[in-house]
Amino acid sequence: MEEEEDATISRIIADLEETLTNSSSNSNHNNHHQAAPISHSTLTDLQSLLDANDPDIVFRFFDNLSSKKNFSASSLVPPISSTMDSTTTNLSLSASKVYLSLLLSPNSPVFTLFTPMAFLSLLRSIRRSLKNPQQGSSGGSNLLVRCKKKGRARGRKNVERESDGFNNNESGFDAKMFFLIMKKLESVMGLIHLNRFPDSLKSLIQTVTEIPVLSSSLELGGGLGSYGNLIDLCGRILSKLMRSEHGSVESTAAEVLKSLTPLILMGKCQARTFALGFLSNQMMGMARESEEIKKAVVNLPKYLVNKAPEKAEPRGLAVEAIMEIVKAMEVEDQIGFSEYTVKMSRGKANLRLLAVDLILTIMMSLRDPLGVDLDVEVENSWGFSCLEALIQRCSDFSAVIRARALSNLAQLVGIFSNDDRTRRVLKQVIGSEEGEMNGLLRKRCTDEKAAVRKAALLLITKVTSLLGGSIDKFILKTMGMSCSDPLVSIRKAAITALSEAFKKISDQSVTTEWLHSVPPLITDNESSLQEECENLFLELVLDRVSRAGSTNHPHHNSNVKAKSIVGDIEQSFPEGVLGLLKEICNGEVSPWVKKICTSLGKKKRLKPNIAVALQDIIRSSESIWLSHSMPIEKWTAPPGAWFLLSEVSAYLPKAVEWEFLHHHWRLLDKYGAGVEFKSSFAPEDEHEGEDGIVSNSVSWAGDRVFLLQTISNVSVELPPEPAADLAHNLLKRVEGFDMHPTEVNAHVKALRTLCKRKATNPEEADMLVLKWIHQLLSKASQILEKYISKISVANKDSNFFTPPRSTRKGKKAAKSLSEAVTAVYTIGSLVIICPTADMNSITSLLHTIITSGNSDPKLNKLPGPTVSLKQTVPSLYIQAWLTMGKLCLADDNLAKRYIPLFVQELQKSDSAAVRNNLVVMMADFCVRYTALVDCYIPKITLCLRDPCELVRRQTFILLSRLLQRDYVKWRGVLFLRFLLSLVDESEKIRHLADFLFGNILKAKAPLLAYNSFVEAIFVLNNCHTHTGHNDSKGSQTERQLFSIRGNDENSRSKRMHIYVSLLKQMAPEHLLATFAKLCAEVLAAASDGMLNVEDVTGQSVLQDTFRILACKEIRISPSRGSSSDAVEIDEEGGGSAGGESVAAKGRAITQAVRKGLIQNTIPIFIELKRLLESKNSPLIGSLMECLRILLKDYKNEIDEILIADKQLQKELIYDMQKYESASTSAAGAGPSTEAAATANAAAAARSVLKEVNRTPPLSSMSVPKLKTAQGGGGSSRNDRPLHVLESLRSRKFFNSDDENE
């Protein structure tokens, strides 16, 4: 055994001798030291000796090494280090294992063997083995080949043989060997103190912290070499390093934490888990025992904050990691970090954004942020400071931070609201600052960025749920407006916020706003919003009404005043239910309620209890009324109850009782018919009885309408005999022609429904319907003929204008007129349900009415009254036009004859009611007879400037719908006339116009604003002095009607508002093209003589152009999208590097093109300035101000841009300097003097402009001049370069403009 050991030692020493000899010869030959690597066989022999762990063998090895060959122990280090640097993985690891075994061997000269360079080679070997685990032998062989060439032949053969033998055995990464090396490295740390080798310590820390990352992708297998055991071993090594024998504990801990930072900030992986686990479990334990380590650990979260990435997802992981560390810290350290976060929220933008996320996580993760358990004042708690900081960030300059702060605050409010104690404290905090919170929400709800508005709506939802009570009226209105936002996400957030307010706040204003904002979304293009609208209506309206009907209603028998009866009725139902029903039947809400009920009914989501509840509500109201001994004829059902029942009964016919319907029909028919009928056109419909009860004939009529609709819906369930009696009764009522017009349609439709459902077959049903229709038409015709004859006779006897001598005759005349009006309306209703009925006799009568008193002999072919019925009986005249329109919709031949008459009446009628009705009819004609009406569209657009707001709004809405459905095209003057609606006197029309231009047209016709922009300037100024914009369309009156001519401040501001609205709809490329078109078609035309600058309208056009070129809306903002600004901003502040580079490139190109445009326009400005000076025009000031604004961003290039006109260059530089100095001096005085700063700057500009006007004329200087298009002019105009203007004037539209593609 001993002989074998001696033989092994001899082989090792012999090989070492050869290796060291080769190294010595190589060093002499190359003049530098390079140790040769040890062969694999030698490493194996040496490892076998060391594995025996026998002190005697080790002693003999070192003794033989020093005595026989005169080598020292330190001679082993260079060749082993060289072998550790080998690129062959297993050879390098074998050398590392041998080196560590030497250090750990008994009686080993540790301080002789350990050197910083060898230790670094060891660490490099460890890292290399993990980075290149499958590294082949080529690298190692090459190294050996280099050594072979420089050694003796025997040595070459020996090394090559050993190397080849090793390569044949190599099969990849040896996880077991690597694990053993790490174990030995841990043991070595107990022997060697690295306090004298700080670089080695630092390298070791970096290597150990890299191992979890590098080894995570390797197949380490189970057992001793598993990944979990490996990272545990890394943790133990790092722990050993944080001892005093390795240097300053604080510095070492700081270096360890610094090295672990990249792991902590990584995405979710095993290495990140190791780093966080090591910090939370091991370092926190050591920190409790060592103040030095604690100091480093406490500072780690602050260090991580400054290293956190800015992109959204990595930032979120960083926040999560930071909080995991903070949660493991002691309470006072946690509070200290929260205070640091609050200070950080006032730092740079990236730190503020991170602080906003951290505050949310801190308050959610740490215990008792508001001091509830400690019974301290909430203002003294650390959580209150965090809450204040978060609220302050809601008004941050950065939109991303504002949005994030609002959403985090909303999340915080929602979480704290779940606990009763924190809920009370939070309610106290936010409630005490309710005014400030409302102010904040007002601003953020109208923020320019969509993500901020969305977050604000989310916060409103949570705050409303927390506080309840009342809500700010402005915020409520803003939530309602947000329900029509162009962005789907905003609409969803607005629905949620408004619905939460509806649930929590029982205020009528909230109910009204909800009903006017949410139900219209049933027609939204987004299907998810339609479903949400249905679900909310079912939950908040129908289910609420159902619960109200199921409650027990107390009956009051006391005989009290009538006004308290209404109060008793309201108290008999849950609060807000009757108000909800009343608002449902509002004219602006009812159409959407109908659509929702229809949709829910088709999906079979309507439950019978809603119909039962509505019947109970009506019964209870009647019962309470009678219990107070009040007359039944003065009772009306709760408003909206009959309407809602009529809608749901179509899908719940079996839930409605016939006895209930029969009882109320007899009641309404008996007393409702007995009420003295008043025409719907009479000035008053209401009168107050003796007991203070308002008796309203319209209410009774409306209830009868809805009752009849309900009866029609459930007619299938009616018994045969009651159905026949009801039909006979309905026909008699219609034949009386004494009903309110709103009842006529209901009676006629109910009659048709009863006939069709009770007939045995469709043919029989059609015959029945046609029979009573002809009967009604005959009677209506007789009534009209009788009335017209009576009017004619009265006219001949000259008694038409004589007032009746007795009250009886006056009542008789009023009744006769009412009967005639109802007859005309009934005819229109019959035409709708039966278009095939014979209407020849009716047509002649209606023609007589609408043409009465007309002087045109072509229209007076039939005998009739010579006095116009429009002045004497306007109600009949209005109704006749409506009915004639219905006849034209049913008969195309009749429409061809009468549509011109409709247009004529629309133009000349002085009745707003007639004009409004005619606009509606013309819109229907446009759908039915598009080709016939198309030529009259310009005439219809005149109503956009109608003196009556209702007519203007009706015209705008109807034409907008026709345009969206492509019945009307955006051509001719239509678009230009629509622009005036942007500055209409009515706020409602302005809002509609803003929505049309800002949302609908922007998506439907994105180039419309660009293509019509220059023409709009001339049309709005009513300018026709431009040879290229001489609009011959329309009369002078029409042109003046659709212009805003004038240089007063009001006219200029209106025109500028229109221009800005159009510019906001343009993409950046369109803005650039518009800038070029304005210069070419307006400024160049003025300097070329095509636009008369001495004409008032021409001056207005020029002045408007200067203001447009100088306005901020035509400038291209870096954040503005390439095609639309309706895209939501990046809420998380993230973004790919590729996207950022593309955006930077786009901004650079935009600036280059912009600069080129300015350079091309400067010659035009120079020539125009010369022309204006020669005419002493007041527009010189506007031109100079425009130039100052255009060139203020190009101060450094102004010499180059204005090289052709040195005098103008000096004037502009002087102008800019004076303006800026005035602004700067005023701004230095503080924000309170901002208005004074603006005034001073403007005054300075005016003084500069006066000095400019005193400068010598440019004709005395050498400047490039532009040739005029006119032949005349002196020699001073003959040398102007024509190509300057022609190059701009020849620009085509954007679609073919290569420069802007």
Side chain to side chain, Ile205 and Thr252, heavy atoms closer than 4.5 Å: yes
Side chain to side chain, Arg196 and His193, heavy atoms closer than 4.5 Å: no
Glu500 and Thr461 side chains, donor-acceptor separation under 3.5 Å: no
For the student: nearest non-hydrogen atoms of Thr209 and Ser259, plus distance: OG1-CB, 3.5 Å
Within 6.0 angstrom of Met481 CE, more than 12 heavy atoms from elsewhere: no
Closest approach of Ser365 to Lys327 (non-hydrogen atoms, all atoms of both residues): CB-CD, 3.8 Å
Over 12 foreign heavy atoms within 6.0 Å of NZ, Lys477: no
Backbone of Glu310 reached by a side-chain donor or acceptor of Arg315 within 3.5 Å: yes
Salt bridge (Lys or Arg N to Asp or Glu O under 4.0 Å) partners of Asp472, counting only residues at least two apart: Arg442
Closest heavy-atom pair and its distance - Leu260, Phe278: CD1-CD2, 3.6 Å
Main-chain N/O of Lys443 paired with Thr446 side-chain donor or acceptor, under 3.5 Å: yes
Evaluation steps, side-chain contact (heavy atoms from CB on, under 4.5 Å), between Asp357 and Arg404: CA-CA 8 Å; Asp357 287 341; Arg404 194 69 181 171; 2.7 Å; yes
Closest heavy-atom pair and its distance - Leu300, Leu279: CD2-CD1, 3.6 Å
salt_bridge(Glu526, Arg491) N-O dist < 4.0 Å: no
Glu448 and Arg453 ion-paired at < 4.0 Å: no
Glu250 side-chain N/O to Ile293 backbone N/O, donor-acceptor pair under 3.5 Å: no
Stepwise side-chain contact (heavy atoms from CB on, under 4.5 Å) check, Ile325 with Ile264: CA-CA 10 Å; Ile325 297 170; Ile264 296 172; 4.2 Å; yes
Euclidean distance, Gln206 CD relative to Glu255 CD, rounded to 0.5 Å: 6.0 Å
Heavy-atom donor-acceptor pair, Asp333 side chain to Met329 backbone, under 3.5 Å: no
Residue pair Leu185, Leu204: steps toward the side-chain contact (heavy atoms from CB on, under 4.5 Å) verdict: CA-CA 10 Å; Leu185 180 60; Leu204 176 59; 3.8 Å; yes
Verdict with reasoning, Glu330 to Lys294, per salt bridge (Lys or Arg N to Asp or Glu O under 4.0 Å): CA-CA 10 Å; Glu330 295 181 0; Lys294 179 180 179 180; 3.4 Å; yes
Check: Ser395 and Leu440 side chains under 4.5 Å, non-hydrogen atoms: yes
Rounded distance [0.5 Å steps], OG in Ser248 versus CG in Leu201: 10.5 Å
Rounded distance (nearest 0.5 Å) linking atom OG of Ser215 with atom CD of Glu210: 11.0 Å
From Val298, Asn299, Val305, residue fulfilling side chain to side chain contact (heavy atoms under 4.5 Å, CB included) relative to Phe337: Val305
Spatial distance of atom CG (Leu353) from atom CD1 (Ile401) [nearest 0.5 Å]: 5.5 Å
Sole candidate of Leu358, Val356, Asn306 that passes side chain to side chain contact (heavy atoms under 4.5 Å, CB included) when paired with Met344: Leu358
Closest heavy-atom pair and its distance - Asn195, Pro198: O-CD, 4.3 Å
Leu498 and Leu476: CA distance, side-chain angles, deciding distance, side-chain contact (heavy atoms from CB on, under 4.5 Å) verdict: CA-CA 8 Å; Leu498 198 54; Leu476 182 64; 3.6 Å; yes
Exercise: identify the closest heavy-atom pair between Ala497 and Leu457: CB-O, 3.4 Å
Pairwise side-chain contact, Leu458 with Leu406, heavy-atom cut-off 4.5 Å (strictly under): no
Donor-acceptor under 3.5 Å (Arg352 side chain, Gly347 main chain): yes
Listed partners of Phe416 passing ring-ring contact (aromatic ring centres under 6.0 Å, His included), at least two apart: none
Flag side-chain contact, heavy atom, 4.5 Å: Trp382 against Glu339: no
Lys/Arg N to Asp/Glu carboxylate O, Arg393 vs Asp396, below 4.0 Å: yes
Note: Glu186-Arg236 ion pair, threshold 4.0 Å (strictly below): yes
Spacing of Leu366 atom CG and Thr361 atom OG1 [to the nearest 0.5 Å]: 9.5 Å
Donor-acceptor contact below 3.5 Å, side chain Ser251 vs main chain Gly247: no
Side-chain donor/acceptor of Ser290 to backbone N/O of Ala287, under 3.5 Å: no
Whether Tyr303 side chain and Thr261 backbone form a donor-acceptor pair below 3.5 Å: no
Note, Gln411 side chain near Met364 side chain (heavy atom, < 4.5 Å): yes
Atom pair OG (Ser499) and CE (Met479), whose distance is rounded to the nearest 0.5 Å: 9.5 Å
Side-chain touch Glu532/Lys492, heavy atoms, less than 4.5 angstrom: no
Any Met266 side-chain heavy atom under 4.5 Å of Leu317 side chain: no
